[in-house]
Number of protein chains: 2
Amino acid sequence: MQATAANDLVSPDRREEVLAAAAECFMRRGYEATSMDDVADALGATKGRVYHHFRSKPELFFEVFRRAIFILIREAGVHETGPGHAADRLRRMARAHILCMMETQAFQRNLTLGVDLYRFGEPTAEHKATLEELMDLRRGYEDAFRRIFAAGAADGSMKALDPSLAMRTLLGAINWVAVWYSPRPGETRTHREKLAEEIVAQVLGGYLA
Amino acid sequence: MQATAANDLVSPDRREEVLAAAAECFMRRGYEATSMDDVADALGATKGRVYHHFRSKPELFFEVFRRAIFILIREAGVHETGPGHAADRLRRMARAHILCMMETQAFQRNLTLGVDLYRFGEPTAEHKATLEELMDLRRGYEDAFRRIFAAGAADGSMKALDPSLAMRTLLGAINWVAVWYSPRPGETRTHREKLAEEIVAQVLGGYLA
DNA sequence: GCGAGGACATACTGCCGAGTATGTTCGCCT
DNA sequence: AGGCGAACATACTCGGCAGTATGTCCTCGC
């Protein structure tokens, strides 16, 4: 064919390309509005390629979703354990979370999007199982924030608030970043970090002791 | 027929019922996934009824969207002008906004949902015009928050922050309520007000002087 | 008491999109 | 050197959904 022309060596991430394109499409048009052909077009390919790597449209979405959580856990979740008071650790978590929202926006928006699919959808038995698993992952990530709030109340670095409610208001504020943020042309990582700091400063004020 | 059996007098809000059913469906399954038959089923009727009141699916959604903003402006926006410092007025606005999220959840969730349709969709000329108008309404509502933040910096009741950024983090936190909130059985208005107060207390902390 | 129109229901059409079945090309192993 | 399987492309099927065309009932004005 024409596609594999100058393609070097093996390709362990040809699948990865499909995943990224899907995330982008799902973000732009939403899950239902995105056709498999759309994803293929975004790759300059045809459905054949997409279906070769993913069995169905739901499973493709699930993989996008899973990737989004893994990124969050790896980048932000790890800061739950670390030096300093609970407030310090929360600050690092929130900061990393916000940076994820900005730098892996396509994946992260589908994360917030997929929750509805869980709450109201009527999936098949197999899909329901994967959805449960993904929701558990998500819940696990949220629990890290709950624990931090509890720890903050304990070590005196933060106000004594309902951890679940505090988690929700905080995550609401910083998840929203993925909704309104769009990168300026020529924007640098440093600039994003500055912005993240600013957001953290505003948002955390209500929780600190 | 069978529908108009015990139906009293005139019906100025038969259309309203369709609108509410549509909001509910759009919230549950999302815009694209909702068929006109779904909306009709939710009413115990057929497409005929829906298409009698609304010309097309997009226009139906637009009306839901418009209603959502009108509610917000009427309930929360009005508190921009009022007694007290900017901080006090912001508090009342946020409180009312949160109550809207809880009590007209179906409409409000479509509000946050419709923005994507604007940013990435490819609507017809007529739809584009309506979308622009609706986005202006939304922007106008957001501007009220921007002005409050500016006023707060001026009258010393709040920190001097970037009004746009502050608006976004605040609205993120309180819009998110519509995502996670689901009413407890037997829940009363008083309980919701209590919850709203609690959220406001947490969220506003970062902005006050 | 009758014609007109509002408020739907019923019965269609046409298209679009998920999924499938079947090539086709290349690299690799033996 | 030939067969095999990965990695796609091409060409279909088939169901579902937006929109329409048409019929039906009830009510209100006259």
Side-chain angles (χ1 to χ4, degrees), chain A residues 1-22 25-26 28-64 117 121-127 130, chain B residues 1-22 25-26 28-64 117 121-127 130:
Chain A
M1 261 301 100
Q2 79 284 15
T4 35
N7 223 321
D8 42 336
L9 318 161
V10 283
S11 46
D13 39 21
R14 298 285 298 178
R15 179 191 160 103
E16 214 64 20
E17 288 179 28
V18 179
L19 199 63
C25 288
F26 287 151
R28 295 173 75 92
R29 313 173 203 203
Y31 173 72
E32 303 283 349
T34 299
S35 78
M36 294 301 255
D37 288 303
D38 287 339
V39 178
D41 286 355
L43 290 161
T46 70
K47 282 211 279 220
R49 180 169 174 193
V50 182
Y51 275 102
H52 178 74
H53 291 284
F54 300 92
R55 291 220 303 257
S56 69
K57 192 181 170 187
E59 289 206 10
L60 176 56
F61 179 77
F62 292 154
E63 287 307 304
V64 171
L117 218 132
E122 306 158 16
T124 71
E126 187 188 348
H127 288 163
T130 11
Chain B
M1 261 302 101
Q2 79 284 15
T4 35
N7 224 321
D8 44 336
L9 316 162
V10 285
S11 46
D13 38 23
R14 300 284 299 178
R15 179 192 158 103
E16 213 63 20
E17 288 179 27
V18 180
L19 200 63
C25 289
F26 287 151
R28 296 172 74 92
R29 315 175 203 204
Y31 173 72
E32 302 284 350
T34 299
S35 75
M36 295 301 256
D37 288 301
D38 286 339
V39 178
D41 285 356
L43 289 162
T46 69
K47 281 211 281 219
R49 181 168 173 193
V50 183
Y51 275 101
H52 179 71
H53 292 285
F54 300 92
R55 292 219 304 257
S56 69
K57 192 182 170 186
E59 289 206 10
L60 177 55
F61 179 78
F62 292 154
E63 286 309 302
V64 171
L117 219 131
E122 306 159 17
T124 70
E126 188 187 349
H127 289 164
T130 347

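Values in this document were obtained by computation on a predicted structure and should not be read as measured data. Order of the sequence lines sets the chain letters (A, B, ...), proteins ahead of strands, with each chain counted from 1.
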Report the nucleotide, chosen from [options], that has the shortest atom-to-atom distance to any side-chain atom of [X].
{"X": "Arg14(B)", "options": "dG19(C), dA18(D), dC8(C)", "result": "dC8(C)"}
{"X": "Thr46(A)", "options": "dC8(D), dA9(D), dA9(C)", "result": "dA9(D)"}
{"X": "His52(A)", "options": "dA9(C), dG19(C), dA7(D)", "result": "dA7(D)"}
{"X": "Lys47(A)", "options": "dA11(D), dA9(C), dA18(D)", "result": "dA11(D)"}

Please classify the nucleic acid contact of Ser35(A) as base, sugar-phosphate, or nothing, using heavy-atom distances under 4.0 Å.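 Sugar-phosphate: the residue Ser35(A), judged by heavy atoms under 4.0 Å, touches backbone atoms but no base.
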Assign each of Arg49(B) and Lys57(A) to its nearest nucleotide of DNA chain C by heavy atoms, then name whichever residue's nucleotide is nearer the 5' end.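 Going by which nucleotide is closer to the 5' end, it is Arg49(B).
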Comparing Asp38(A) and Val50(B) on DNA chain C - which has the more 5′ nearest nucleotide: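 Residue closer to the 5' terminus by nearest nucleotide: Val50(B).
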At their closest point, which heavy atom of Met36(B) faces which heavy atom of Ser56(B), and how far apart are they?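 In this case the closest contact between Met36(B) and Ser56(B) is CE-C, 4.0 Å.
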Aromatic Tyr31(A) / basic Lys57(A) pairing, under 6.0 angstrom, 45° off normal: yes
[X] has an atom [atom1]; how far is it from atom [atom2] of [N], in whole Å?
{"X": "Asp37(B)", "N": "dC12(C)", "atom1": "CG", "atom2": "P", "value": "16 Å"}
{"X": "Asp41(A)", "N": "dA9(D)", "atom1": "CG", "atom2": "P", "value": "11 Å"}
{"X": "Met36(B)", "N": "dT10(C)", "atom1": "CE", "atom2": "C1'", "value": "17 Å"}
{"X": "Tyr51(B)", "N": "dG23(D)", "atom1": "OH", "atom2": "P", "value": "21 Å"}
{"X": "Leu43(A)", "N": "dA7(D)", "atom1": "CG", "atom2": "C1'", "value": "14 Å"}
{"X": "Phe54(A)", "N": "dC8(D)", "atom1": "CZ", "atom2": "C1'", "value": "14 Å"}
{"X": "Glu16(A)", "N": "dA7(D)", "atom1": "CD", "atom2": "C1'", "value": "17 Å"}
{"X": "Arg29(B)", "N": "dC17(D)", "atom1": "CZ", "atom2": "P", "value": "10 Å"}

Could you tell me which residues satisfy side chain to side chain contact (heavy atoms under 4.5 Å, CB included) with Ala42(B), sequence neighbours excluded, listed by chain and number? Ala21(B), Cys25(B)
Non-hydrogen side-chain atoms of His52(A) and Arg15(A) separated by less than 4.5 Å: no
With a cut-off of less than 4.0 Å, is there a side-chain N or O of His53(A) near OP1 or OP2 of dC8(D)?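 It does, given that an N or O in the side chain of His53(A) lies less than 4.0 Å from OP1 or OP2 of dC8(D).
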